[in-house]
Amino acid sequence: MHVYSAPAKIILFGEHAVVYGEPAIAAPFKTLQAQVTATPAPPGSGLSILGAADGLALHVSLANDRPDNALIYAAQLVLRALGKQPPDLTLELRSNIPIGGGFGSGAAVSAALMRALSAALGNLLSGEALNSLVYQVEQLHHGTPSGIDNTVIVYEQPVYFVRGRAPETFKVGAPLHFLVIDSGVSASTRETVSAVRRLYTADQARYGAIISEIGALVRSARQLIETGSQLEALGELMNANHALLRALSVSSTHLDQLCAVARAQGAYGAKLSGGGRGGSLIALIEPDLAPRLSAALRQAGAAQTWLMHLA
Ligand code: PMV
C-alpha cells in the first residue's frame with residue numbers, strides 16, 4: 001500500500017487576468033493535501049476509485065470515452081498515456097482541501113490520483129507529463145483554465161506564471177506570512193471565469209484596461225516579494241488587486257467585508273484568492289496577529305483560517 005499526495009495552492013496575485021495572458025503569482029499550500037492510497041485488488045475486480053469521506057465508489061473502464069466525472073477521466077488519461085488496460089487496483093481518496101474554495105482541490109486530487117495510478121502501473125508520472133494530464137482534467141472542471149493551478153500543484157514550487165510559457169520560480173527576499181481564509185461560501189470558478197469573459201466581450205476597452213492594470217500590479221508585486229522589505233507597499237498592492245477583481249465582478253459583499261475586517265484588525269492588505277464570489281481570501285500579516293484576526297474573521301462569517309509562510 002502506497003500513499004501519493006499533492007498540495008493545495010494559493011494564488012497571491014493575478015487571478016482572472018492570468019486567463020488573458022497577464023502574469024500571476026501562486027504558491028503551494030502544503031497544510032492542505034489530497035492523498036490517494038493504492039491497494040491491489042483481487043484478480044478480475046478491475047479499477048475502482050473510492051472516496052474515504054463521502055462514500056464515493058466509481059469503476060473505471062476505457063469504454064466510455066466521454067466521461068463527465070473528472071476522476072474517471074483522470075484515470076483514463078493515465079491509462080491511455082501509458083497504453084495500459086485498467087489494473088486490478090483500488091484507489092482511495094482523502095483530502096482536507098475545501099472543494100470550491102479556490103484552493104485548487106480538483107487539480108490536487110487529479111495529481112495525487114494520477115501519481116498513484118501511474119506508480120501502480122510501474123511508470124510514475126512526474127513533471128511535464130503529469131502537468132499536461134492534470135491540465136486536461138482541469139479543462140473539464142473549468143472550461144478554459146490558464147494552467148496555473150496544475151503547474152503550482154504538480155511542481156510544488158511558488159511560481160510566476162504566464163499562460164503558455166515555461167513557469168518561472170522566484171526568490172522570496174524575506175519570509176512573508178499570510179492568513180489564508182476560507183470564506184465558507186463555495187463558488188464555481190467555471191462560472192466566474194465565464195462572467196469575466198462576458199464582460200470582456202461586451203466592453204473590451206474597459207475590461208481589457210482593468211486586466212492590464214492587474215498585470216502591471218503583479219509585476220510590481222514580484223519585485224517587492226524579491227526585495228523583501230516593503231510589507232506596507234505589498235499589502236497596498238493586495239488591496240488594489242482586490243478592488244480590480246471587484247471591478248471584474250468576481251468579489252461579493254461577504255468577501256469585501258472579510259477583507260475590511262482583516263485590514264481593520266491590522267493586516268497589511270487583503271484580497272480574494274482564486275475564482276472569487278466565494279472561496280478563499282488571503283491577508284498579509286505579522287504572524288502574531290493570526291489568533292486575533294482569525295477570531296474576528298470567524299465572527300464575520302469565515303469558516304476556517306490557516307497561517308501560511310512563504311520563504
Ligand atoms: O478558483 P481556483 O483556485 O481554481 O483559481 C482559478 C484561477 C483563475 O485565474 C480564476 C482561473 C484560471 O484558470 O487561472
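First listed ligand is number 1; within each ligand, the first listed atom is number 1. Computed over heavy atoms, backbone and side chain alike; hydrogens, waters and symmetry mates excluded.
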Min heavy-atom dist E138 to ligand 1 below 4.0 Å: no
Identity and distance of the protein heavy atom lying nearest atom 3 (O) of ligand 1: K9 NZ, 2.4 Å
Nearest non-hydrogen protein atom, atom 9 (O) of ligand 1: H16 N, 2.9 Å
Test of proximity, [X] against ligand 1: N or O pairs below 3.5 Å:
X	answer
E15	no
G275	yes
V193	no
S146	yes

Within 6.0 Å of CZ in R219, more than 12 heavy atoms from elsewhere: yes
For [Y], is there any backbone N or O sitting under 3.5 Å from a side-chain donor or acceptor partner on [X]?
X	Y	result
K271	A243	no
H177	E286	no
D88	G44	yes

Interatomic spacing from CD in E213 to CD1 in I211 - rounded to 0.5 Å: 11.0 Å
Distance under 4.0 Å to a non-hydrogen atom of [X]: what atoms of ligand 1 satisfy this?
X	answer
D149	2 (P), 3 (O), 4 (O), 5 (O)
G274	1 (O), 3 (O), 5 (O)
P145	13 (O)
I148	14 (O)
V18	9 (O), 14 (O)
T189	1 (O), 2 (P), 4 (O), 6 (C)
I11	5 (O), 7 (C)

Salt-bridge contact R115-E156 (side-chain N to carboxylate O under 4.0 Å): yes
Test side chain to side chain contact (heavy atoms under 4.5 Å, CB included) applied to L199 and D203, step by step: CA-CA 6 Å; L199 291 175; D203 191 344; over 6 Å; no
N150, I10, L245, V19: member with heavy atom nearest to atom 11 (C) of ligand 1: V19
Any side-chain donor near an acceptor of the partner, S249 and R277, under 3.5 Å: yes
Partner of L113 under side chain to side chain contact (heavy atoms under 4.5 Å, CB included), chosen from V134, V137, V36: V36
Lys/Arg cation over aromatic F170: R222, 6.0 Å, 45° cone: no
